[in-house]
Trainee: 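Structure incoming, see below.
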Number of protein chains: 2
Amino acid sequence: MAAKRSPARRPTMKDIARRAGVSESAVSFALNGRPGVSEVTRDRVRRVAEQLGWRPSTAARALSGEGAATVGFVLARPADTLGVDSFFLQLVSGIQEVLAERHLGLLFQVVEDVTDECAVYRGWWAEHRVDGVLVADPRTADPRPGLLDELGLPAVVIGGAPDERHPGLSTVWADDAGAMASVVDGLYALGHRRIVHIAGLPGLAHTERRIRTLRAEAERRGLTGVESVTTDYSDTEGAAVTRRVLRSAAPPTALIYDNDVMAVAGVAAATELGFSVPADVSVVAWEDSALCRIVTPGLSALSRDSGEFGRTAARELLALLDGGPARTVRVPVPRLVERESTGAARER
Amino acid sequence: MAAKRSPARRPTMKDIARRAGVSESAVSFALNGRPGVSEVTRDRVRRVAEQLGWRPSTAARALSGEGAATVGFVLARPADTLGVDSFFLQLVSGIQEVLAERHLGLLFQVVEDVTDECAVYRGWWAEHRVDGVLVADPRTADPRPGLLDELGLPAVVIGGAPDERHPGLSTVWADDAGAMASVVDGLYALGHRRIVHIAGLPGLAHTERRIRTLRAEAERRGLTGVESVTTDYSDTEGAAVTRRVLRSAAPPTALIYDNDVMAVAGVAAATELGFSVPADVSVVAWEDSALCRIVTPGLSALSRDSGEFGRTAARELLALLDGGPARTVRVPVPRLVERESTGAARER
DNA sequence: TGTGGGGGCTCAAGCGCTTTAGTTTCGGCG
DNA sequence: CGCCGAAACTAAAGCGCTTGAGCCCCCACA
């Protein structure tokens, strides 16, 4: 049997009512801080509840109209792409922190793609499992905001851009465009004219935003040797692309990688080809992590506080659940942490 | 208002009953595959349910005795230690995969320490939120199994050793001892006699097991220059310990790190001190990851399938929930992937 | 002294589902 | 032809909580 010897019955409001000598309704009023009971009764009920170790049954609460006291988070990534970067765990940890204060649970699911993700939302909604969701990795043509809106499921999009706003959904985003511009600024100042951006998955909103910004910056300055190449974020693709571009006739003098893993793999690939970092080629990683600190040369990286990102998103969702209006909030622009992988462009 | 324009009412069994022209009970019987309805009615009901897009309300189910259709997983780690290794996301992803097949949700929480973790279990239990839990990072004096047993909450311990069995709890574990023994075997064969093990957090069951085994192996062979040093898994501590031991009078010729991050940091530290890897000192990382492949020299690492680990654990929990007996199952011994960081000990 | 009006509580219904105890309708057998 | 029993289905209670309606009592006011 799964349940053990003394299955330690959970106390219910009925138990409290009996012990406190009042009706169940009175207990409900007392415990939920609403009028209808005297202060003295309220105190007594509270005391009994505490001493009995009572906690409201979420199931019962959910059933009688209150929410499910749970928010959902689904990650649509092929399983093997998972866990290469530390971003998500940090994010979830931050989300968690805020939710826990309000005794909200976090229902977590990993799926293969956005289609499955939509199915999960449908299921959660129909099963009455969550009160709201956090949506990660917004795409350029994203079916999720529409669906969530249709279901009336409060949601906040993490990493979306403000123009992609969908009525009813909140958005928390980092200014990728600004960050990209400042990185290009910095590299340009160091004399770099040929820059390759080893981007992440095509179709992700932030990938496209970075690519657009890079192109715009290049045009503004009349640079021609600037391009973006999309990848799947893996170390192997990162290395492969690096090899390819460095072997070209006019190899770039600076590389911008959309995550830490590719950056490290890229440095290794460059080194193998006889390019030294940063003498021959500078490298910037978009995500900072222990990884960037550990390797030699240390990688200059765009650092952001993923935990804070998560906390902000969670707070927005709470606001939405409390009936607040949908908002768009921006978290601080990622900050470039300079290490040894960037330097002046070699004269050509 | 949180809910939007057409809050798209969820269909209930009552709706199905009406449409199918039967009672609610008949619907329940039909949908749950239990006797009491004819096959033709069952089919009709099923069809109606499907076409209405009906899904059982977990709240209602939970309330009427069924489980909450959810299992819990809490990670007790200081927030900053999170996300350094990819192990957990992989693990969770594996767990997830198995649970999803059965439409079970995964409630996830991150806390600071084991005390908080116990509080979370208490809360989940009292709130009727989960049917069972997965317990990670078992410790040497662990309050959790006792608590879970007391609450009668089905649980499987991930990474526990069989001898620490607690009645009622299942255990899924990897044979750390065997792995350690084989690593030492290998290093010994390469001529290594002074080996230092840069271990993880003291108090974790698997840390202690590895330490014990290393000591036993050393004694068996009469080696004296063998020791374990515990750390907090961070790159900084890993580097610090590496520097300390390499500066000693008789520095080790082989280092075993309990995770990938420390191993990489250790290699960097060793290189700084003028030790070349693997010529002067061999390095083995306990956890394999992209990280170990990327860096140069590539790190020899103990590789295990974390996803499979998670799947196995989840399957055990399901078995427990189905009323099966508590079991202890072993996942395959981690396999040593040889890369460039290990080699013959230099003659002394 | 009568009356209106709160405050303080209780009653009971209802949320969506399961489940036990009926009730009806057959078909089969003596 | 009548009776029994099984199969098919319905009625209703119950899970733990919320909530609107109603009840009682006491105080203030006229």
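The basis for the numbers below is simple: all heavy atoms, side chains too, and nothing from hydrogens, waters or symmetry mates. Chain letters run A, B, ... following the sequence lines, proteins first and then strands; every chain starts at 1.
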Trainee: Could you give the CE-to-P distance, from B:M13 to D:dT10, as a whole number of Å?
Mentor: 12 Å
Trainee: Check the phosphate of D:dG16 against A:R10, side-chain N and O only, distance under 4.0 Å to OP1 or OP2. Yes or no?
Mentor: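 The answer is no; no side-chain N or O of A:R10 sits under 4.0 Å from OP1 or OP2.
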Trainee: Flag the pair B:R102 and B:D322 as a salt bridge only when some basic side-chain nitrogen lies within less than 4.0 angstrom of an acidic carboxylate oxygen.
Mentor: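 So B:R102 pairs with B:D322 through a salt bridge.
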Trainee: If I take atom CD in residue A:E24 and atom P in nucleotide C:dC11, what distance separates them, rounded to the nearest angstrom?
Mentor: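 Going from A:E24 (CD) to C:dC11 (P), I get 10 Å.
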Trainee: Once you apply a heavy-atom cut-off of 4.0 Å, does B:V22 come out as touching a base, just sugar-phosphate, or nothing?
Mentor: sugar-phosphate
Trainee: Base, sugar-phosphate or nothing for A:S28? Non-hydrogen atoms, less than 4.0 Å.
Mentor: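 Base contact.
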Trainee: Taking N and O atoms by type only, does the side chain of A:S25 place a donor or acceptor under 3.5 Å from a partner on the base of C:dC11?
Mentor: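 Side chain to base: pair found, below 3.5 Å.
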Trainee: Counting only side-chain nitrogens and oxygens, does A:R61 get under 4.0 Å of the OP1 or OP2 atom of D:dG16?
Mentor: no
Trainee: Measure from CZ on B:F29 to C1' on C:dT23 and round the result to the nearest Å.
Mentor: 13 Å
Trainee: When the nearest nucleotide of DNA chain D is assigned to A:R34 and to B:G21 on a heavy-atom basis, which residue is associated with the more 5' position?
Mentor: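 Between the two, 5'-proximity favours B:G21.
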Trainee: For B:A60 and for A:S38, locate the closest nucleotide of DNA chain C by heavy-atom distance; then report the residue assigned to the nucleotide nearer the 5' terminus.
Mentor: A:S38
Trainee: Base, sugar-phosphate, or nothing for A:G65, non-hydrogen atoms under 4.0 angstrom?
Mentor: nothing
Trainee: Assuming nearest nucleotide by heavy-atom distance, tell me which of B:V37 and B:H128 is located more 5' along DNA chain D.
Mentor: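 With B:V37 and B:H128 compared, the 5'-side residue is B:V37.
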Trainee: Contact class for B:P35 (heavy atom, under 4.0 Å): base, sugar-phosphate, or nothing?
Mentor: nothing
Trainee: Should the pair A:R55-A:E50 be classified as a salt bridge under the 4.0 Å nitrogen-to-oxygen rule?
Mentor: no
Trainee: Take atom CZ of B:R18 and atom C1' of D:dT10, then tell me their distance rounded to the nearest Å.
Mentor: 16 Å
Trainee: Can you tell me if the side-chain N/O atoms of A:T41 get under 4.0 Å from OP1 or OP2 in C:dC9?
Mentor: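 Yes, within the criterion.
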Trainee: I'd like to know if the side chain of B:S38 pairs up with that of B:T41 as donor and acceptor (distance under 3.5 Å, no hydrogens or angles considered).
Mentor: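 Distance-only check passes for B:S38 and B:T41.
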Trainee: A:L63 CG to D:dT18 C1': how many Å, rounded?
Mentor: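 That distance rounds to 10 Å.
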Trainee: If I take atom NZ in residue A:K14 and atom P in nucleotide C:dT10, what distance separates them, rounded to the nearest angstrom?
Mentor: 15 Å
Trainee: Tell me the interatomic distance from B:L31, atom CG, to C:dT19, atom P, rounded to whole angstroms.
Mentor: 13 Å
Trainee: Regarding B:E39 and B:R46, does a basic nitrogen lie under 4.0 Å from an acidic carboxylate oxygen?
Mentor: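 Not counted as a salt bridge, because no side-chain N and carboxylate O are separated by less than 4.0 Å.
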Trainee: Would you call A:R315-A:E308 a salt bridge at under 4.0 Å N-O?
Mentor: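 Salt bridge: yes.
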